[in-house]
Amino acid sequence: MVSRIIPVKTFDLVIFGGTGDLARRKILPGLFRRFLSGQMDSESRIIGVARQNLDCRAYRSVIREAILENDSGARDKIQCLEAFLTLVSYNSIDAESESGWDNMACKMRDGTIHAYYFSVGPSLFDNIAGRLHRHGLVHEDVRIVVEKPFGHDWKSACALNRTLARHFHEHQIFRIDHYLGKETVQNLMALRFGNLLFEPLWNSKYVDHIQITVAESVGVGGRGDYYDQTGAMRDMVQNHIMQLLCMIAMEPPAKYDPNSMRDEKLKVIRCLDPVTRNDLVRGQYEKSAISGGYLDEAGKSGSTTESFIALKARISNWRWAGTPIYIRTGKRLKDRASEIAVVFKQTPHSIFAAGSGRHGNILAIKLQPNEGIELEVTIKEPGPGGMRLIEVPLDMTFADALGPSDIDNPDAYERLVMDVIRGDQTLFMRGDEVEAAWEWTDKVVSEWENMNEKPLPYSSGSSGPDDSLMLMHRDGRKWREIRA
Ligand code: NAD
């Protein structure tokens with residue numbers, strides 16, 4: 001396959017939190033891959049900023065190690081890696097103090113794109129935004145990237161939006177959700193709006209229900225303190241899963257451009273009904289033969305934070321009334337697997353003999369571990385023995401169809417960082433979208449907070465609490481198997 005890499009303009013990118021986990025694991029390895037692909041030119045500059053007292057040489061060595069650790073192919077490209085590192089420099093700045101900013105300002109060149117990546121906790125956003133302003137670093141063409149968590153609830157998200165709005169226009173603020181950078185999620189747009197085949201069936205007349213599963217096999221690991229304040233609903237559903245839900249349920253936008261897309265996503269969120277207690281299952285993993293329990297791993301005895309949530313959402317609009325959306329996500333589940341499954345209704349009448357089998361179609365959009373789209377269709381089982389029906393997948397795993405995922409198939413972070421440089425906000429959340437998502441999330445959270453209930457225990461390595469199976473069974477449906 002011939003790839004068409006469109007180089008971005010020369011940029012100066014400052015990464016606040018440049019020594020942190022995200023910068024080392026995702027942002028800088030991603031930029032290296034964009035450099036290798038030729039999308040980032042050798043005139044561009046990356047400036048890491050953090051509190052540590054490092055000189056440029058020491059920082060480059062931190063980044064060299066990080067790239068070698070996080071990019072298996074980098075060892076074979078040492079010369080390119082060294083060339084990339086010459087574009088990287090470091091500034092020691094405590095975001096809460098005034099020193100160091102002028103040094104950094106000197107590195108920002110006229111005539112380049114200026115981007116500031118806030119890869120730090122949200123408590124520092126105000127400090128950084130204010131100081132960028134005071135040091136004359138904010139102008140019309142500047143853009144900033146902010147990471148999740150964008151608030152803890154509706155009130156804090158509104159406060160963060162107000163803080164950023166004091167210093168930047170909305171078109172300069174890139175709220176990142178890396179799920180939107182996944183190839184498959186964008187392919188969902190191509191599939192829905194680039195083909196005639198699916199859209200006429202994409203409604204409650206033909207779709208029985210939709211399942212969204214984001215299953216992780218890992219536990220809370222070293223994030224116990226953060227996770228215990230957050231839980232599965234706030235950590236996964238409010239942001240990543242909400243974005244998937246919007247992409248699957250939105251009306252066709254007039255254009256594939258930032259505001260048309262985000263207007264349509266916002267309408268979906270506003271049509272979401274509140275979730276009632278009966279449609280909600282919270283769980284917390286217990287110790288099993290394969291791992292410890294949540295309370296031990298998070299180091300929080302007595303915690304009632306959920307590490308699993310399943311819920312039935314309803315979208316009250318003409319397209320989706322009557323088609324439930326079942327959502328589940330959790331940690332320490334049997335496999336790491338994420339997918340959206342659109343389960344179509346059965347044919348209205350079967351012409352085949354009883355016992356020949358009767359199935360519906362399922363369109364599975366797979367996000368993890370491998371990205372791809374699979375359409376289950378019903379065919380005749382080959383061979384003699386009469387008309388027996390079976391389901392077979394029409395499979396489009398991207399790695400098979402388009403070649404191995406390499407430099408030309410960027411991962412979510414690197415694609416999104418390039419979009420920031422291009423100034424394209426299509427795959428970033430707008431402030432009103434985030435607030436609306438929190439408004440709905442807050443109502444779900446208050447459903448269980450008011451009841452003072454503990455989450456249900458489930459075994460590490462299982463599919464979650466049995467009650468989550470019941471959520472489907474009682475509607476005559478079942479979850480698809482969690483399978484990597
Ligand atoms: P981290 O704790 O590993 O790194 C934090 C960085 O911020 C370090 O470089 C530290 O030096 C810097 N820092 C802290 N206080 C500072 C100050 N006063 N002045 C200047 N620099 C300061 O955190 P992380 O995992 O890299 O995450 C960064 C942000 O991204 C957080 O908001 C996190 O929630 C979010 N995030 C992280 C991940 C991930 O995979 N790590 C994923 C999604 C979102």
Side-chain angles (χ1 to χ4, degrees), residues 13-31 46-55 58-63 65-67 69-70 88-101 103-104 116-132 135 137 144-152 156-157 160 163-164 173-182 214 216 218-232 234-243 329 331 336 368 411-414 416-417 420 428-429 434:
L13 168 67
V14 176
I15 305 173
F16 290 99
T19 56
D21 175 71
L22 185 65
R24 283 181 287 116
R25 232 168 20 85
K26 290 284 178 191
I27 306 170
L28 279 139
L31 283 162
I46 299 158
I47 302 151
V49 169
R51 263 188 310 201
Q52 288 95 323
N53 221 342
L54 297 175
D55 60 19
Y59 184 62
R60 284 180 184 163
S61 144
V62 168
I63 299 309
E65 285 310 305
I67 292 176
E69 199 180 319
N70 289 290
V88 177
S89 67
Y90 182 76
N91 256 80
S92 169
I93 289 181
D94 181 342
E96 294 176 285
S97 93
E98 290 300 337
S99 65
W101 292 85
N103 273 349
M104 191 195 82
Y116 298 95
Y117 200 129
F118 292 19
S119 181
V120 291
S123 60
L124 291 176
F125 289 2
D126 198 13
N127 279 301
I128 295 176
R131 290 198 164 89
L132 285 174
H135 289 268
L137 291 163
I144 62 162
V145 187
V146 291
E147 267 297 337
K148 90 167 207 191
F150 198 86
H152 182 73
S156 54
L160 266 184
T163 297
L164 295 179
I173 305 170
F174 289 69
R175 294 174 194 79
I176 206 163
D177 185 320
H178 72 275
Y179 269 57
L180 288 181
K182 287 181 182 288
V214 178
E216 295 179 278
V218 294
V220 283
R223 294 174 71 221
D225 277 338
Y226 164 76
Y227 194 87
D228 201 59
Q229 312 265 328
T230 310
R234 291 183 169 104
D235 190 46
M236 290 301 295
V237 181
Q238 183 276 338
N239 38 58
H240 305 317
I241 293 181
M242 179 65 81
Q243 290 300 316
T329 181
K331 293 196 172 290
R336 172 175 176 257
Q368 267 168 186
D411 104 331
Y413 266 98
E414 53 195 275
L416 292 173
V417 174
V420 172
F428 295 82
M429 292 173 294
V434 178

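Remember, it's 1-based here, ligands and their atoms both numbered in the order they're listed.
Distance check: Tyr116 OH to Leu13 CG gives 10.0 Å after rounding to the nearest 0.5 Å.
No salt bridge links Asp21 with Arg223; every basic N to acidic carboxylate O contact stays at or beyond 4.0 Å.
Taking the side-chain contact (heavy atoms from CB on, under 4.5 Å) definition, one finds that Glu69 meets it with nothing, sequence neighbours left out. For Leu160, the side-chain contact (heavy atoms from CB on, under 4.5 Å) partners at least two apart in sequence or on another chain are Pro122, Phe125, Phe150. In terms of the side-chain hydrogen bond (donor to acceptor under 3.5 Å, both in side chains) criterion, Arg60 has no residue partners (sequence neighbours excluded).
With respect to Met429, the side-chain contact (heavy atoms from CB on, under 4.5 Å) criterion is satisfied by exactly one of Val146, Ile176, Val434: Val434.
Annotation: ligand 1 has protein neighbours Gly17, Gly18, Thr19, Gly20, Asp21, Leu22, Arg25, Ala50, Arg51, Gln52, Ile93, Asp94, Ala95, Glu96, Ser119, Val120, Gly121, Leu124, Glu147, Lys148, Pro149, Tyr413, each with a heavy atom less than 4.0 angstrom from the ligand.
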